[in-house]
Amino acid sequence: MNIKLIIAAMLAATSMAAHAGKDMQALMDKAIAESFKPGEGQDLSRLKQDETQMLCSTSRNSPSPKDAEALMTREKATIQYPADGKLMGDWKQGEKLVKSGFGMRIGSIEPDPPAKQKGGNGGNCYACHAVDPKEVAAGNMGPSLTGYGKLRGQGEDIAKYTYEKLYNAQAFVACSNMPRLGHNGILKPAQIADITAYLLSSESPVNK
Ligand code: HEC
């Protein structure tokens, strides 16, 4: 990995004024592209920013209200629903996905070998959220989801919001740090419905 080039580009980027943005972006893109080598189970196409990521990057996560609105409308339009139309699936399957941080890793420390991909990607929720009150190892970048269904109810509206939020977090918070799990193909619609059930169901440990 070409760490020196990345550090040089980052230092330059932070110390230079915004009008130098384009050149700096090109330098950063080059540094990043040259720094990751394709390997087993790694998807380097993810290094390329789409329109939404680009807007958040260039505005330092603060697009103008007009741009933010357009971004969220665009992201919302990408949301797809499960074939059977059910937004609440099997909470027990959802629990497994919430606990699994498997898949989508880009570094070379422990790439995901295809053989291990059998279970597919997880949601990696604990990296950022507290969820099951019995699980103490949880991140706090996102709000605690403990008691989510108890607090928010189990009605159709909240199921729809939760499903859509999981499918595409940036349909609601323009430059959210939460991955666009459905949009980016990390999880499938039926899996997102399972996680929605895990968050909302009164049977789920989340709400005990
Ligand atoms: C990289 C960090 C990250 C990961 C991974 C992540 N989230 Fe989030 N999540 C956030 C952040 C930050 C917010 C608050 C900002 C926002 O709403 O977008 C959030 C917000 C939410 C909300 C909205 C909460 C509310 O009160 O409206 C829900 C629901 C949620 N996350 C569920 C999940 C679930 C379930 C998973 C795993 C499938 C997950 N998140 C994975 C960072 C993350």
Side-chain angles (χ1 to χ4, degrees), residues 43 46-47 49 52-53 55-57 59-63 65 67-69 71-76 78-82 87-107 112 119-135 137-208:
D43 176 8
R46 292 171 59 223
L47 293 175
Q49 299 191 78
T52 288
Q53 289 165 321
L55 177 58
C56 291
S57 299
S59 68
R60 301 204 166 191
N61 293 337
S62 304
D67 284 351
E69 206 53 53
L71 182 163
M72 289 189 285
T73 305
R74 184 174 68 232
E75 292 298 315
K76 190 132 195 212
T78 71
I79 297 176
Q80 286 172 24
Y81 300 89
L87 301 186
M88 292 253 274
D90 175 350
W91 71 259
K92 288 185 180 155
Q93 291 303 319
E95 179 172 44
K96 286 186 203 153
L97 292 163
V98 163
K99 286 187 172 163
S100 166
F102 187 75
M104 309 298 285
R105 282 175 284 191
I106 209 161
D112 296 327
N121 299 325
N124 203 21
C125 316
Y126 280 103
C128 303
H129 295 281
V131 195
D132 182 335
K134 293 208 178 80
E135 175 57 73
N140 62 2
M141 180 192 271
S144 168
L145 302 172
T146 301
Y148 184 85
K150 235 182 348 196
L151 290 168
R152 310 285 284 265
Q154 281 99 18
E156 259 174 50
D157 283 3
I158 191 68
K160 185 164 186 286
Y161 162 70
T162 306
Y163 178 92
E164 291 180 340
K165 176 72 190 173
L166 295 173
Y167 194 98
N168 193 334
Q170 290 181 260
F172 299 90
V173 174
C175 295
S176 175
N177 282 319
M178 176 160 156
R180 293 172 288 175
L181 297 161
H183 178 80
N184 286 338
I186 301 168
L187 296 173
K188 298 187 181 72
Q191 294 178 307
I192 295 176
D194 290 343
I195 297 177
T196 301
Y198 177 64
L199 291 180
L200 295 181
S201 169
S202 49
E203 319 261 284
S204 158
V206 173
N207 299 310
K208 293 285 182 207

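Values below: all heavy atoms of this structure, side chains included; hydrogens, waters and symmetry mates excluded. First listed ligand is number 1; within each ligand, the first listed atom is number 1.
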Quiz item: Does the pair S201 and Q154 meet the rule for a side chain to side chain donor-acceptor pair (under 3.5 Å), with working shown?
Solution: CA-CA 7 Å; S201 169; Q154 281 99 18; over 6 Å; no
Practice problem: Classify the side-chain pair Y198/Q93 by whether it contains a donor and acceptor separated by less than 3.5 Å. | Solution: no
Quiz item: How long is the span from the NZ atom in K150 to the CG atom in L199, to the nearest 0.5 Å?
Solution: 14.0 Å
Quiz item: Out of G123, C128, G142, A127, who gets a non-hydrogen atom closest to atom 4 (C) of ligand 1?
Solution: C128
Practice problem: Determine whether the side chains of S204 and Y148 contain a donor N or O and an acceptor N or O closer than 3.5 Å. | Solution: no
Self-check item: Q191, M178, Q170: member with heavy atom nearest to atom 33 (C) of ligand 1
Solution: M178
Quiz item: What's the shortest distance from atom 16 (C) of ligand 1 to any protein heavy atom, and which residue and atom give it?
Solution: K165 NZ, 3.1 Å
Quiz item: Against heavy atoms of N177, which atoms of ligand 1 measure under 4.0 Å?
Solution: 1 (C), 2 (C)
Quiz item: Side-chain donor-acceptor pair under 3.5 Å between T52 and Q170, yes or no?
Solution: no
Exercise. Would you mind listing which atoms of ligand 1 come within a distance below 4.0 Å of any non-hydrogen atom of P179?
Key: 1 (C), 3 (C), 4 (C), 5 (C), 6 (C)
Quiz item: With atoms numbered from 1 as shown, which atoms in ligand 1 lie under 4.0 angstrom from a non-hydrogen atom of L181?
Solution: 38 (C)
Quiz item: Among all protein non-hydrogen atoms, which one is nearest to atom 25 (C) of ligand 1, and what is the separation to 0.1 Å?
Solution: R152 NH1, 3.3 Å
Exercise. Considering heavy atoms of the protein only, find what lies nearest to atom 7 (N) of ligand 1 and give residue, atom and distance to 0.1 Å.
Key: H129 NE2, 2.8 Å
Quiz prompt | N124, portion touching ligand 1 at heavy-atom distance under 4.0 Å | solution = backbone
Quiz item: Knowing that exactly one of L187, N124, I186 qualifies, which makes a side-chain contact (heavy atoms from CB on, under 4.5 Å) with L97?
Solution: L187
Exercise. Look only at the side chain of D194 and the backbone of D90, and say whether a donor-acceptor pair between them is shorter than 3.5 Å.
Key: yes
Quiz item: Can the ring centres of Y161 and F172 be said to be less than 6.0 Å apart?
Solution: yes
Quiz item: With the threshold set at 4.0 Å, does a side-chain nitrogen-carboxylate oxygen contact exist between E95 and K99?
Solution: yes
Quiz prompt | Protein heavy atom at shortest distance from atom 35 (C) of ligand 1 | solution = L166 CD2, 3.4 Å
Quiz item: In the protein, what heavy atom is nearest to atom 15 (C) of ligand 1, and what distance, to one decimal place, separates them?
Solution: S176 OG, 4.0 Å
Quiz item: With a 4.0 Å cut-off on heavy atoms, does Y198 reach ligand 1?
Solution: no
Self-check item: ligand 1 contact on F172 by region, counting heavy-atom pairs under 4.0 Å
Solution: neither
Exercise. Considering heavy atoms of the protein only, find what lies nearest to atom 28 (C) of ligand 1 and give residue, atom and distance to 0.1 Å.
Key: L145 CD2, 3.8 Å
Quiz item: Quick one: nearest non-hydrogen protein atom to atom 27 (O) of ligand 1, plus distance?
Solution: Y161 OH, 2.5 Å
Practice problem: Note the single closest protein heavy atom to atom 13 (C) of ligand 1, along with its residue, its atom name and the distance in Å. | Solution: P143 CD, 3.6 Å
Quiz item: If you count the atoms of ligand 1 from 1 in the order shown, which ones are under 4.0 Å from a heavy atom of I195?
Solution: 35 (C), 38 (C)
Quiz prompt | Distance filter under 4.0 Å to C125 heavy atoms, resulting ligand 1 atoms | solution = 34 (C), 35 (C), 36 (C), 37 (C), 38 (C), 39 (C), 41 (C)
Quiz item: Is there a donor-acceptor contact under 3.5 Å from the side chain of N207 to the main chain of G149?
Solution: yes
Quiz prompt | Side chain to side chain, V206 and T146, heavy atoms closer than 4.5 Å | solution = no
